[in-house]
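Read the structure below first, then the notes.
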Amino acid sequence: MKPILEGPVGPTVRIDGQDYDYYCGGGYLGLYDHPHMIAAACEATERYGFRLSGPSSLAVHPPVTDLIREASIFFGTETASYNPSGYDGAGMLASALKDVCDVIFLDAESHFSVMEGATLAGKPIHFFAHCNAGDLAQQLRDHLRPHERPLLMTDGMFPITGEIPPLPAYVEALNAYDGALLCVDDAHAAGVLGKTGRGSLEHFGLEGPGRYQCATLSKAFGAYGGLIPCSEELLGLMRKNSMVFRGSACPSPGLAAACAKSLQLVREQPHLRESLANNTRYLRERLHAAGLAIDPAHPSPIIALDKQNKLDLKATQERLYRERHICTTYYAAYANTPQGGAMRIAVFANHTREQLDRLVEAVVS
Ligand SMILES: Cc1ncc(COP(=O)(O)O)c(C=O)c1O
């Protein structure tokens, strides 16, 4: 029988009556059981029930309106769109942008959401080598005819390795083409990267016209569902072209209230992101000092031990779980898993130094 998770997911989890240090998933800011989010969800559920059904043209739904307002403030955009899962975001953007692009270029190791989402535009798709701006430039030269507008789609932070793509170099390559568009799936970067946590575009100072992002509330924000920060114009294109946009229900009131509260918390409490950055730096430096092939200065809270480390990664992950009560994840084949597999460690803002020290000691022992 599979072990049973007996409480919320955080830096420590309870499984079958025992505590485990937890480094899986994407709860980077430690918000999955934040009391203010839980209170907001309960209050909205008591007031509005589980489901706000009916046309939004008839009356506004306050929890949903609050969510869209908080998302727009957080991302500094005119408006935003909530979608049932972050998985749908890339597809909604591709659908919306099909009127203003001709050919799509994809990082060859993009997440499934990007790969599958790109097809919704119904345009030719070409792949460029993972995180390789030189190959992107080559693919653009090889596949674009005069006056064709490229749409580049990529993850803003890759889920298994934590790599951040070289977006400035991509933009330089795209600048040779009028009307070129860039779209990032910031599922793992939103709430984490950038001066105010807006994600990979903010991290590189690349926000602006022709740059699009989708995010999820189910990782750093500790809630659930996807977000597309956008202009009224993009919202109009989604309304026109995206069947997910047109055909999905709005979130339940409790979820919408928890999402809105989470966006507010992350905006008003920058110490959450500072603690995450400090823990990321600390763990990366400690793993590096212990002789592991980890970039000590990389800002990503996703740390992947790969085959360079000459460890049996699967056996190490299993040993940590069994003997040390430490949960990490081993991936053999998921989205951008490197050849030879990866042991993925996700750092949270509220892991303690004792936990991080225990992890390093357990990995190298
Ligand atoms: C890059 C990327 N996009 C989208 C998703 C899906 O987001 P959600 O958790 O909101 O379904 C994931 C999930 O892991 C992801 O890694």
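Counting convention: from 1, in listed order, for ligands and their atoms alike.
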Identity and separation of the nearest protein heavy atom to [atom]:
{"atom": "atom 11 (O) of ligand 1", "value": "S85 OG, 2.8 Å"}
{"atom": "atom 6 (C) of ligand 1", "value": "Y87 N, 3.5 Å"}
{"atom": "atom 16 (O) of ligand 1", "value": "H188 NE2, 2.8 Å"}
{"atom": "atom 12 (C) of ligand 1", "value": "H111 CE1, 3.5 Å"}
{"atom": "atom 10 (O) of ligand 1", "value": "T216 OG1, 2.5 Å"}
{"atom": "atom 3 (N) of ligand 1", "value": "D185 OD2, 2.8 Å"}

* Decide if atom CD of E285 counts as having more than 12 heavy atoms of other residues, nucleotides or ligands within a radius under 6.0 Å. =>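 Yes.
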
* Asked: Above 12 or not: heavy atoms from other molecules or residues under 6.0 Å from CD of E78?
  ->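 Correct, the count exceeds 12.
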
Distance flag, aromatic centroids of [Y] and [X], threshold under 6.0 Å:
{"X": "F112", "Y": "Y87", "answer": "no"}
{"X": "H351", "Y": "Y22", "answer": "no"}
{"X": "Y224", "Y": "Y82", "answer": "no"}
{"X": "F127", "Y": "F105", "answer": "no"}

* Is there a side-chain contact between V103 and L151 (heavy atoms, below 4.5 Å)? ->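 Counting from C-beta outward, V103 and L151 never come under 4.5 Å.
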
* For K219 and ligand 1, answer yes if some heavy atom of the residue is under 4.0 Å from a ligand atom, otherwise no. => yes

* Under 4.0 Å between a Lys/Arg side-chain N and an Asp/Glu carboxylate O for E354 and R358? ->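 No salt bridge links E354 with R358.
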
* Mind checking whether A187 has an N or O less than 3.5 Å away from an N or O of ligand 1? -> no

* Contact (N/O only, under 3.5 Å) between D155 and ligand 1 -> no

* To do: State the atoms of ligand 1, each with its element, that fall below the 4.0 Å cut-off from a heavy-atom position in P159.
  => 16 (O)

* Asked: Nearest non-hydrogen atom to atom 9 (O) of ligand 1 belongs to which of S218, A223, A215, G26?
  ->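 Result: the heavy atom closest to atom 9 (O) of ligand 1 is in S218.
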
